[in-house]
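Following: one structure in structure tokens, then a few remarks.
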Amino acid sequence: MAPTFQGLAFHTVTFGCQMNKHDSERMAGMLEALGAHPVGSIEDADIVVFVTCCVREAADTRLYGQVASLKNLPLRPGTPLQKRLVAVGGCIGQRDRERLCEQLPHVDAVFGTHNIGSLPQLLARAIAQGPGQVEVLEASEAFACDLPTDREHSWAAWLPIAIGCDNFCSYCIVPYVRGREKSRMLEDIVAEAEGYVAAGVREITLLGQNVNSYGRDLYGQPRFDELLDAVDATGIERLRFATSHPKDLTDGVISRFATLRSLMPALHLPVQSGSDRILQAMNRCYTAEHYRGLVRKLREARPDIALSTDVIVGFPGETEEDFEATYRLIDEVGYNQVFTFIYSRREGTPAAKLDDPTPPEVIQERFERLVDLVQRRSFELNQPYVGRTLPVLIEGASKRDSAVLAGKDPYNNTVHAPVPDGGDAEALAGTVVDVAVDQARTWYLSGEVAAAHG
Ligand code: SAH
Ligand code: SF4
Ligand code: F3S
């Protein structure tokens with residue numbers, strides 16, 4: 001029998017990538033279906049669910065610190081429970097299992113990436129039997145797509161098309177905590193997309209660790225280009241996807257940037273390094289030249305495409321020469337956005353066995369040099385948007401100023417504009433407004449609302 005959480009307040013704390021954000025929407029959907037209601041803070045919650053990430057050490061440390069600090073937090077006034085329930089799921093749950101409860105005995109439930117549907121049962125068991133309920137599966141039997149979802153925004157949806165990853169980049173923990181790549185049936189994905197369109201969703205983001213290999217496990221060959229055509233045909237207004245692996249980005253997919261009405265002119269294409277020696281040590285299976293070729297083809301297909309990427313600085317054995325190759329590539333390609341990371345050793349990955357003689361301060365200096373370049377180039381690349389009028393999908397008020405609207409243009413740029421007279425930022429959320437851009441900064445564009453599309 002399904003447990004009931006009638007009258008209980010819950011709060012989710014989500015770290016990591018969009019997969020986790022999506023999983024956490026499903027967990028919220030499940031708890032709400034069982035009678036619990038979401039609240040905005042841990043203090044006001046009877047149940048706290050951490051959806052965790054372990055891709056870099058900083059995410060680990062933060063999670064352990066934050067969960068430890070809950071131990072002495074007073075209970076919510078009026079709570080029917082004897083103890084605030086703390087659940088830890090996601091990638092750290094998958095990796096650490098019982099160890100988590102050994103270190104943090106006040107944790108009530110631990111679950112992994114393959115069994116988010118077990119959360120309610122684990123919480124019910126913790127209420128009846130006490131903390132330390134652990135259930136982690138080695139692999140998923142099926143896609144958890146029949147679970148209810150409480151989407152963060154009614155106008156936007158994450159749509160997982162594949163889970164797991166088969167690439168085993170030598171630095172990366174994801175294949176170990178998310179398992180092997182498993183694609184979802186094409187018809188099921190399209191049916192879900194049709195449902196979203198009928199419900200008024202304006203933007204769909206297809207999700208996978210490597211969307212370009214979508215379908216290989218199911219159909220013997222990738223069918224991502226076909227999937228893009230089919231989702232475009234549902235009539236969705238804006239279509240995006242993440243993440244792309246350069247080794248699997250085909251001419252077919254590239255050509256869709258020229259032909260598909262809904263496919264937004266923005267692509268996240270992680271490069272990681274500009275040095276062939278390091279790319280090989282990372283097991284990325286492409287060269288810097290191949291990557292440059294992809295960029296050329298993408299710009300031929302869609303000259304205004306906005307590119308973003310991920311870079312790791314300080315991979316074991318990276319020399320000044322390797323770093324300079326990365327620096328040159330980043331400078332040359334010209335990205336609207338670059339996510340820069342310092343290499344973080346992850347136990348259990350092949351790269352964790354490599355020694356690195358490079359002193360941390362040398363890596364830090366390279367990192368700062370790269371960040372300076374990224375900021376300068378982002379600022380420069382944003383200038384040509386000044387003078388253009390762009391359709392912006394409004395997300396609500398900007399974080400710092402409730403009188404300013406914030407949203408995304410087709411290029412995935414953040415755009416700010418003062419709320420028009422008589423308007424209300426929250427009421428405009430989910431609508432598309434034309435913004436005449438008059439200023440471009442490093443992180444965002446700003447301008448005036450020219451027209452609303454409703
Ligand atoms: N599947 C996606 C996302 C992987 S995690 C992809 O392949 O792009 C997101 C980013 O984190 C990676 O692109 C990489 O730049 C970074 N990352 C992963 N493992 C890391 C590590 N051990 N140290 C530093 N950065 C890492
Ligand atoms: Fe990690 Fe590489 Fe898979 Fe991305 S493609 S999740 S970096 S192993
Ligand atoms: Fe982190 Fe897991 Fe995503 S380790 S990046 S939350 S797949």
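Every value quoted in this text rests on a predicted model; they were computed, and no experiment measured them.
Closest heavy-atom contact between L207 and V211: C-CG1, 3.9 Å. Between A417 and V449, the closest heavy-atom pair is CB-CG2, 4.0 Å. The nearest pair of heavy atoms linking P270 to P246 is O-CG, 3.3 Å. The two residues T12 and S24 have their closest heavy-atom pair at OG1-OG, 4.2 Å. Taking every heavy atom of both residues into account, V13 and H11 meet most closely at CG2-CD2, 3.8 Å. Of all the heavy atoms in S69 and Q66, the pair that sits closest is OG-O, 2.8 Å.
At distances below 3.5 Å, not a single donor-acceptor pair connects side-chain atoms of R238 with backbone N or O atoms of M264. Within the 3.5 Å criterion, the main-chain N or O of A45 finds a donor-acceptor partner in the side chain of R84. Of the possible donor and acceptor atoms, one in the side chain of D322 sits under 3.5 Å from a partner among the backbone N and O of T319. Counting only distance, with no hydrogens or angles, the side chain of D276 and the backbone of A288 share a donor-acceptor pair below 3.5 Å. Using a distance-only test at 3.5 Å, with no hydrogens or angles considered, a donor-acceptor pair links the side chain of N382 to the main chain of R441. Looking at S275, its side chain never comes within 3.5 Å of a backbone N or O of A325 through a donor-acceptor pair. Side-chain N or O atoms of E347 include none that pairs as donor or acceptor with a backbone N or O of A352 at under 3.5 Å. Judged by distance alone, with hydrogens and angles left aside, the side-chain atoms of R180 form a donor-acceptor pair with the main-chain N or O of C165 at under 3.5 Å. Judged purely by atom type and a 3.5 angstrom limit, S378 has no side-chain atom pairing as donor or acceptor with the backbone of Q375. Between the side chain of Q383 and the backbone N or O of F379, at least one donor-acceptor pair lies under 3.5 Å.
Taken from CD1 in I342 to CZ in F367, the straight-line distance is 5.0 Å, to the nearest 0.5 Å. The distance from atom CD1 of I305 to atom CG of N336, rounded to the nearest 0.5 Å, is 10.0 Å. To the nearest 0.5 angstrom, T431 atom OG1 is 11.5 Å from E395 atom CD. Atom CG of D188 sits about 13.0 Å away from atom CD1 of I161, to the nearest 0.5 Å. Distance check: D331 CG to T326 OG1 gives 12.0 Å after rounding to the nearest 0.5 Å. Summarising the geometry, atom CG belonging to L269 is positioned 7.0 Å from atom CG belonging to L298; distances are rounded to the nearest 0.5 Å.
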For E289 and R296, run salt bridge (charged side-chain N to carboxylate O under 4.0 Å, His left out): C-alpha distance rounded to whole Å, both residues' side-chain angles, the deciding distance at 0.1 Å, then the answer.
-> CA-CA 11 Å; E289 201 36 53; R296 271 194 298 276; 3.5 Å; yes
Tell me, with the steps shown, if D44 and R76 meet salt bridge (charged side-chain N to carboxylate O under 4.0 Å, His left out).
-> CA-CA 5 Å; D44 294 334; R76 171 178 81 84; over 6 Å; no
Passes side-chain contact (heavy atoms from CB on, under 4.5 Å), H268 versus N412? Steps please.
-> CA-CA 10 Å; H268 185 63; N412 220 15; over 6 Å; no
Under the side-chain contact (heavy atoms from CB on, under 4.5 Å) rule, what do D372 and R376 come out as? Steps first, then yes or no, please.
-> CA-CA 6 Å; D372 282 348; R376 177 165 60 77; over 6 Å; no
Please assess E300 against K297 for the test salt bridge (charged side-chain N to carboxylate O under 4.0 Å, His left out), listing each intermediate value before the final yes or no.
-> CA-CA 5 Å; E300 273 161 30; K297 286 192 213 169; over 6 Å; no
Should S183 and D217 be marked as a side chain to side chain donor-acceptor pair (under 3.5 Å) after you check the CA-CA gap, both sets of side-chain angles, and the distance that decides it?
-> CA-CA 7 Å; S183 302; D217 55 317; 2.6 Å; yes
With side-chain contact (heavy atoms from CB on, under 4.5 Å) as the test, would you mind laying out the steps for L405 and V392 before giving the verdict?
-> CA-CA 10 Å; L405 294 172; V392 178; over 6 Å; no
Trace of the side-chain contact (heavy atoms from CB on, under 4.5 Å) decision for I204 with E192 | CA-CA 10 Å; I204 289 177; E192 188 171 335; over 6 Å; no
Yes or no on salt bridge (charged side-chain N to carboxylate O under 4.0 Å, His left out) for R346 and D60, after CA distance, side-chain angles and deciding distance?
-> CA-CA 11 Å; R346 302 284 69 198; D60 259 65; 3.1 Å; yes
Run the numbers on D401 and S398 for side chain to side chain donor-acceptor pair (under 3.5 Å), then give the verdict.
-> CA-CA 5 Å; D401 188 347; S398 92; 5.9 Å; no
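Between E25 and K21, none of the side-chain N atoms (NZ, or NE/NH1/NH2) sits under 4.0 Å from a carboxylate O, so this pair counts as no salt bridge. Salt-bridge check for D304 with R302: passed, with a basic side-chain N closer than 4.0 Å to an acidic carboxylate O. Salt bridge annotation for R366-E318: present, with a cationic side-chain nitrogen under 4.0 angstrom from a carboxylate oxygen. Ion pair D310/R56 not flagged as a salt bridge, since none of the NZ, NE, NH1 or NH2 atoms sits closer than 4.0 Å to an Asp/Glu carboxylate oxygen. With respect to E320 and R369, a salt bridge is recorded, a charged nitrogen being found less than 4.0 Å from a carboxylate O. Salt bridge absent: D356 and R345 never bring a charged side-chain N and a carboxylate O closer than 4.0 Å.
When the shell of 6.0 Å around CG of D355 is examined, it contains 12 or fewer heavy atoms from other residues, nucleotides or ligands. The 12-atom threshold is not exceeded at CD of E57, counting heavy atoms of other residues, nucleotides or ligands nearer than 6.0 Å. Annotation for Q280: atom CD does not count as buried by contact number, only 12 or fewer foreign heavy atoms lying within 6.0 Å. Counting non-hydrogen atoms of neighbouring residues, nucleotides and ligands closer than 6.0 angstrom, the CZ atom of R400 reaches no more than 12 such neighbours. Within a 6.0 Å sphere centred on CD of E321, heavy atoms belonging to other residues, nucleotides or ligands number 12 at most. Around CZ of R62, the count of heavy atoms belonging to other residues, nucleotides or ligands within 6.0 Å does not exceed 12.
Under the 30°/60° scheme for interplanar angles, the aromatic rings of Y291 and Y335 are found to be tilted. Ring planes of H153 and W155: parallel class, angle under 30° (limits at 30 and 60°). Between Y411 and Y385, the ring planes are tilted. Angles from 30° to 60° get that label.
Screening F15, Y64, F50 for a side chain to side chain contact (heavy atoms under 4.5 Å, CB included) with I92, the sole residue that qualifies is Y64. Shown are D434, L445, V435, V433; of these, the side chain to side chain contact (heavy atoms under 4.5 Å, CB included) with L390 is made only by L445. Each of L227, V231, L228, T205 was compared with F241 under the side chain to side chain contact (heavy atoms under 4.5 Å, CB included) criterion, and only L228 meets it.
Here the two rings, on Y176 and F168, have centers that are under 6.0 Å apart.
Side chains of S170 and N283: a donor-acceptor N/O pair is absent below 3.5 angstrom, by distance only. E181 and S213 are linked by a side-chain donor-acceptor pair at a separation below 3.5 angstrom, with hydrogens and angles left out of the test.
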